[in-house]
2 protein chains.
Amino acid sequence: MKYSRQRELILETIRQSPIHPTAEEIYSRAKEKMPSLSLGTVYRNLALLSELGMIGKLEASGDHSVHYDGRNDEHCHLVCTKCGSINDIELDTLPTIDSAVARKTGFIVTEHEIVLKGTCAACAAHAKSES
Amino acid sequence: MKYSRQRELILETIRQSPIHPTAEEIYSRAKEKMPSLSLGTVYRNLALLSELGMIGKLEASGDHSVHYDGRNDEHCHLVCTKCGSINDIELDTLPTIDSAVARKTGFIVTEHEIVLKGTCAACAAHAKSES
DNA sequence: ATAGCTGCAAAATGTTTGCGCGAAA
DNA sequence: TTTCGCGCAAACATTTTGCAGCTAT
């Protein structure tokens with residue numbers, strides 16, 4: 001893979017964002033630093049980086065676009081269906097699951113997408129104070 | 001909610017399909033039985049049925065469309081990245097997770113999307129016999 | 001020198017929506 | 001008879017792609 005300033009910027013932008021940004025969000029933030037950047041380039045690099053496992057990908061956010069994650073280790077996500085926030089969470093029981101699945105079904109797990117949907121603490125508090 | 005023959009047919013079609021069909025697949029199967037059926041109606045009813053919890057929804061299939069599931073109880077999915085097959089699996093450790101999450105973070109889990117991606121038994125066997 | 005990446009714009013894909021008609025209550 | 005759902009087609013949002021020029025190696 002050849003180096004490109006665009007790819008470096010895109011990767012940097014994802015890593016610095018805490019919100020699990022979409023392609024569009026990554027584009028508009030990165031474009032501030034490199035106004036010539038094009039959206040097609042963002043998409044091409046997101047595909048590349050996530051294929052290489054350098055960034056994470058979250059398809060099940062519930063809005064209609066893919067979100068990206070600067071972390072590339074295995075972890076889970078909490079998606080609030082009220083405010084749309086996405087947060088990381090570690091679930092220690094998970095590593096054991098893969099081998100259990102392999103034993104039971106012969107399916108070889110190489111990656112997860114584990115999303116728990118519901119109401120985040122902030123939205124729950126907000127709802128309570130309203131009632 | 002008012003009864004409609006279309007909705008009944010759509011629900012029936014999903015329940016009879018073992019493959020976790022997409023809207024397009026549901027449409028073309030159902031259209032065989034009701035040629036006047038329109039794709040917009042399929043989408044409207046899928047939104048309705050999954051909002052009511054009568055069918056399941058799978059966003060993280062890896063192809064670029066939403067898949068639906070005749071089962072509406074909580075279970076997990078195995079998505080083969082080689083052949084695209086989607087299969088159900090029960091993971092008994094999961095019910096405990098929700099309360100653990102709530103205790104740790106205050107997040108109230110109302111639904112899951114738990115997808116394990118990798119190579120299914122059939123594709124693994126196929127790869128082995130080729131090498 | 002050349003392979004690969006970019007910007008641009010057009011196209012493709014999957015999904016949603018407005019409207020006027022027909023069917024259920 | 002009134003309300004809701006339907007079929008149709010247009011609109012929409014997101015993502016992908018072809019091309020010609022530029023950049024890293």
Side-chain angles (χ1 to χ4, degrees), chain A residues 1-14 17 19-52 54-69 79 81 84 86 113, chain B residues 1-14 17 19-52 54-69 79 81 84 86 113:
Chain A
M1 183 173 56
K2 210 190 277 196
Y3 169 84
S4 94
R5 203 155 80 75
Q6 287 84 344
R7 178 154 50 240
E8 183 174 58
L9 172 61
I10 289 163
L11 184 54
E12 197 51 31
T13 304
I14 299 168
S17 170
I19 63 156
H20 301 82
T22 62
E24 201 64 57
E25 287 163 345
I26 293 161
Y27 171 62
S28 70
R29 285 180 190 223
K31 204 176 172 66
E32 290 170 16
K33 298 207 178 157
M34 186 190 287
S36 67
L37 183 65
S38 100
L39 186 55
T41 295
V42 171
Y43 275 104
R44 273 187 285 238
N45 279 294
L46 290 173
L48 190 57
L49 291 169
S50 70
E51 223 160 279
L52 294 173
M54 297 179 68
I55 58 175
K57 196 177 175 180
L58 186 72
E59 296 182 275
S61 72
D63 59 22
H64 307 111
S65 47
V66 178
H67 290 249
Y68 294 88
D69 191 334
V79 172
T81 51
I86 302 176
E113 176 156 345
Chain B
M1 182 172 54
K2 212 190 280 197
Y3 170 85
S4 94
R5 202 155 80 75
Q6 286 84 345
R7 185 177 311 121
E8 183 175 58
L9 171 60
I10 289 163
L11 184 53
E12 197 50 30
T13 304
I14 299 168
S17 170
I19 62 155
H20 302 81
T22 62
E24 202 63 58
E25 287 163 346
I26 294 161
Y27 171 62
S28 70
R29 284 181 191 224
K31 203 176 172 68
E32 290 171 17
K33 299 207 177 161
M34 186 190 286
S36 67
L37 183 65
S38 100
L39 186 54
T41 297
V42 172
Y43 276 106
R44 272 189 284 241
N45 279 295
L46 290 174
L48 190 56
L49 291 169
S50 71
E51 222 160 279
L52 294 173
M54 297 179 68
I55 58 175
K57 196 177 175 180
L58 185 72
E59 296 182 275
S61 73
D63 59 23
H64 307 111
S65 48
V66 177
H67 291 248
Y68 294 89
D69 191 334
V79 173
T81 51
I86 302 176
E113 178 157 342

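Here is the naming used below: chain letters follow the sequence lines, and residue numbers restart at 1 for every chain.
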By side chain to side chain contact (heavy atoms under 4.5 Å, CB included) - contacts of [X] (at least two apart):
| X | value |
| --- | --- |
| K33(B) | L9(B), Q16(B) |
| A60(B) | E59(A), A60(A), E113(A), E113(B), V115(B) |
| S28(B) | none |

CZ on R29(A) to CG on L37(A), rounded to 0.5 Å: 14.5 Å
Atom pair CD1/OH of I10(A) and Y27(A) - distance to nearest 0.5 Å: 10.5 Å
Residue pairs, two or more places apart or on separate chains, that pass side-chain hydrogen bond (donor to acceptor under 3.5 Å, both in side chains) and touch residues 39-49 of chain B: R7(B)-N45(B), S38(B)-T41(B)
For E24(B), side-chain hydrogen bond (donor to acceptor under 3.5 Å, both in side chains) partners two or more places apart: none
Those residues that, when tested against Y68(B), pass side-chain hydrogen bond (donor to acceptor under 3.5 Å, both in side chains) (two or more places apart): none
Bend angle of the helix from dA1(C)-dT25(D) to dA25(C)-dT1(D), from helix axes over five pairs at each end, nearest 10°: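 Rounded to the nearest 10 degrees, the bend comes out at 40°.
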Step-by-step side-chain contact (heavy atoms from CB on, under 4.5 Å) determination, H67(B) to I86(B): CA-CA 9 Å; H67(B) 291 248; I86(B) 302 176; 3.5 Å; yes
side-chain contact (heavy atoms from CB on, under 4.5 Å) evaluation trace for I14(A) with L46(A): CA-CA 10 Å; I14(A) 299 168; L46(A) 290 173; 3.5 Å; yes
Can you measure [X] atom [atom1] to [N] atom [atom2] for me and round it to whole angstrom units?
| X | N | atom1 | atom2 | result |
| --- | --- | --- | --- | --- |
| E25(B) | dT15(C) | CD | P | 11 Å |
| L46(A) | dC5(C) | CG | C1' | 15 Å |
| D63(A) | dT15(C) | CG | C1' | 14 Å |

First-last contacting nucleotides on DNA chain D - partner chain B, under 4.0 angstrom, heavy atom: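 Answer, 5' to 3': dT3(D) to dT16(D).
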Note, L58(A) side chain near V66(A) side chain (heavy atom, < 4.5 Å):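 Contact flag for L58(A)/V66(A) side chains = no.
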pair T22(B)-E25(B): side-chain heavy atoms closer than 4.5 Å: yes
side-chain contact (heavy atoms from CB on, under 4.5 Å) between L52(A) and M1(A), intermediate numbers included: CA-CA 11 Å; L52(A) 294 173; M1(A) 183 173 56; 3.9 Å; yes
B/S/- contact track for nucleotides 16-25 of chain C, protein heavy atom under 4.0 Å: BBB----BBS
Nucleic acid contacts of residues 30-38 of chain A, taken as heavy-atom distances under 4.0 Å to DNA chain C: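 Contacting residues: S36(A), L37(A), S38(A).
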